[in-house]
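First up is the structure itself, then whatever we jot down about it.
Everything numeric here is computed off the predicted structure, so don't read it as measured data. Residue numbers begin at 1 in each chain, while the letters A, B, ... track the order of the sequences.
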Amino acid sequence: MILPPSFYERDTVTVAKDLLGCLLVHREETTTMGWIVEVEAYLRGDPAAHSYRGETKRNSVMFGPPGHAYVYLIYGLHTCVNIVTGSEGAGEAVLIRALEPAIGLDLIQERRGMNDPVSLASGPGKLTQALDITMDLNGTSLYNGPLQVGSPDSLPGRRPEGFPGEIVQTTRIGITKAADLPLRFYLKGSRYVSRR
DNA sequence: ATCAGGATTGGCT
DNA sequence: GCCAATCCTGATT
């Protein structure tokens, strides 16, 4: 079941926590999917958010309607994928930081050049490579496009490790501004979260 | 026009 | 733990 726009148009921290256990799906020639096991919230008035200094060409998707993908290039090498949340115009989003691979293992392993399951998508740059999430998906709808988010029961009889269960809340990783805000969330007990 | 730096990763010490 | 890779963006001159 693809999540409807109304799912995203709520408090960003609530959406971030509700995204844990959901499926990120990329439908191409071959479909690949992974369960979301780690996220970070970026809020209005948050110095670490790309939207902090107002709308620019790069971050304009963050100010658009919720339920769309904000994809950006980082360090000239990797892409990161966010889900726009909250009210349109708020500039809020949830960064997907780690997935537990679910479908399309062969292709994911080929793209990543490795086969250790816990390292295939345990980082924001790793998971975009695993699911082939490139800049051309920036701005696409997550309920009416090739990149989708499904509810946790989308694969009958299967669940990500640690779900349903406790959600752990910590400070965000890899940022210098507002590094003290506790806006990172992950599934307790999952071996697929990013380390560091 | 120029330039510092980044929501990272993988390899090496 | 340290650092290079790699290039686009936003801020500054």
Would you tell me whether [X] and [Y] have side-chain atoms, one donor and one acceptor, within less than 3.5 Å of each other?
X: A:Thr128; Y: A:Thr79; answer: yes
X: A:Glu100; Y: A:Ser190; answer: no
X: A:Tyr70; Y: A:His50; answer: yes

Return the nearest nucleotide to the side chain of [X]; candidates are [options].
X: A:Leu73; options: B:dA7, C:dC8, C:dG10; value: C:dC8
X: A:Cys80; options: B:dT8, B:dG10, B:dG6; value: B:dT8
X: A:Ile175; options: C:dT6, B:dA7, B:dG10; value: B:dA7
X: A:Thr176; options: B:dT8, C:dC7, B:dG6; value: B:dG6
X: A:Arg53; options: B:dA7, C:dA11, B:dG10; value: C:dA11

Indicate, with a heavy-atom threshold strictly under 4.0 Å, whether [X] touches base, sugar-phosphate, or nothing.
X: A:Gly125; answer: sugar-phosphate
X: A:Leu95; answer: base
X: A:Arg172; answer: nothing
X: A:Ile74; answer: sugar-phosphate

Quiz item: Considering residues, nucleotides and ligands other than A:Glu110, do more than 12 of their heavy atoms fall under 6.0 Å from its CD?
Solution: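 Counting neighbours around CD of A:Glu110, 12 or fewer heavy atoms of other residues, nucleotides or ligands fall under 6.0 Å, so no.
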Quiz item: Taking everything shown except A:Arg44 itself, do over 12 heavy atoms lie less than 6.0 Å from its CZ?
Solution: no
Quiz prompt | Rounded C1' spacing from B:dG5 to C:dC3 in Å | solution = 15 Å
Quiz item: How far does the P atom of C:dA4 sit from the matching atom of B:dA4, given to the nearest Å?
Solution: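 These two P atoms come out 16 Å apart once rounded.
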Between [atom2] on [N] and [atom1] on [X], what's the gap in Å once rounded to a whole number?
X: A:Met135; N: C:dC8; atom1: CE; atom2: C1'; value: 9 Å
X: A:Met62; N: B:dA7; atom1: CE; atom2: C1'; value: 10 Å
X: A:Arg58; N: C:dT9; atom1: CZ; atom2: P; value: 8 Å
X: A:Asp116; N: B:dG11; atom1: CG; atom2: C1'; value: 16 Å
X: A:His78; N: B:dG5; atom1: NE2; atom2: P; value: 19 Å
X: A:His50; N: C:dG10; atom1: NE2; atom2: P; value: 9 Å
X: A:Tyr52; N: B:dG6; atom1: OH; atom2: P; value: 16 Å
X: A:Asn82; N: B:dT8; atom1: CG; atom2: P; value: 11 Å

Self-check item: Aromatic A:Tyr72 / basic A:Arg58 pairing, under 6.0 angstrom, 45° off normal
Solution: yes
Quiz item: With respect to the phosphate group of B:dG10, does any side-chain polar atom (N or O) of A:Lys126 fall under 4.0 Å of OP1 or OP2?
Solution: yes
Practice problem: Return no unless some side-chain N or O of A:Arg184 is found under 4.0 Å from OP1 or OP2 of B:dA7. | Solution: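 So the side-chain polar atoms of A:Arg184 never come under 4.0 Å of the phosphate oxygens OP1 or OP2 of B:dA7.
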Quiz item: Hey, which of these two, A:Val81 or A:Gln129, hits DNA chain B nearer its 5' end, going by closest nucleotide?
Solution: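 Nearer the 5' end of the strand: A:Val81.
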Quiz item: With stacking defined as ring centroids separated by under 5.5 Å and planes differing by under 30°, is A:Tyr75 stacked against C:dA5?
Solution: no
Pairing partner of [N] (Watson-Crick or G-U wobble, both distances under 3.5 Å):
N: B:dC12; answer: C:dG1
N: B:dA7; answer: none
N: C:dT6; answer: none

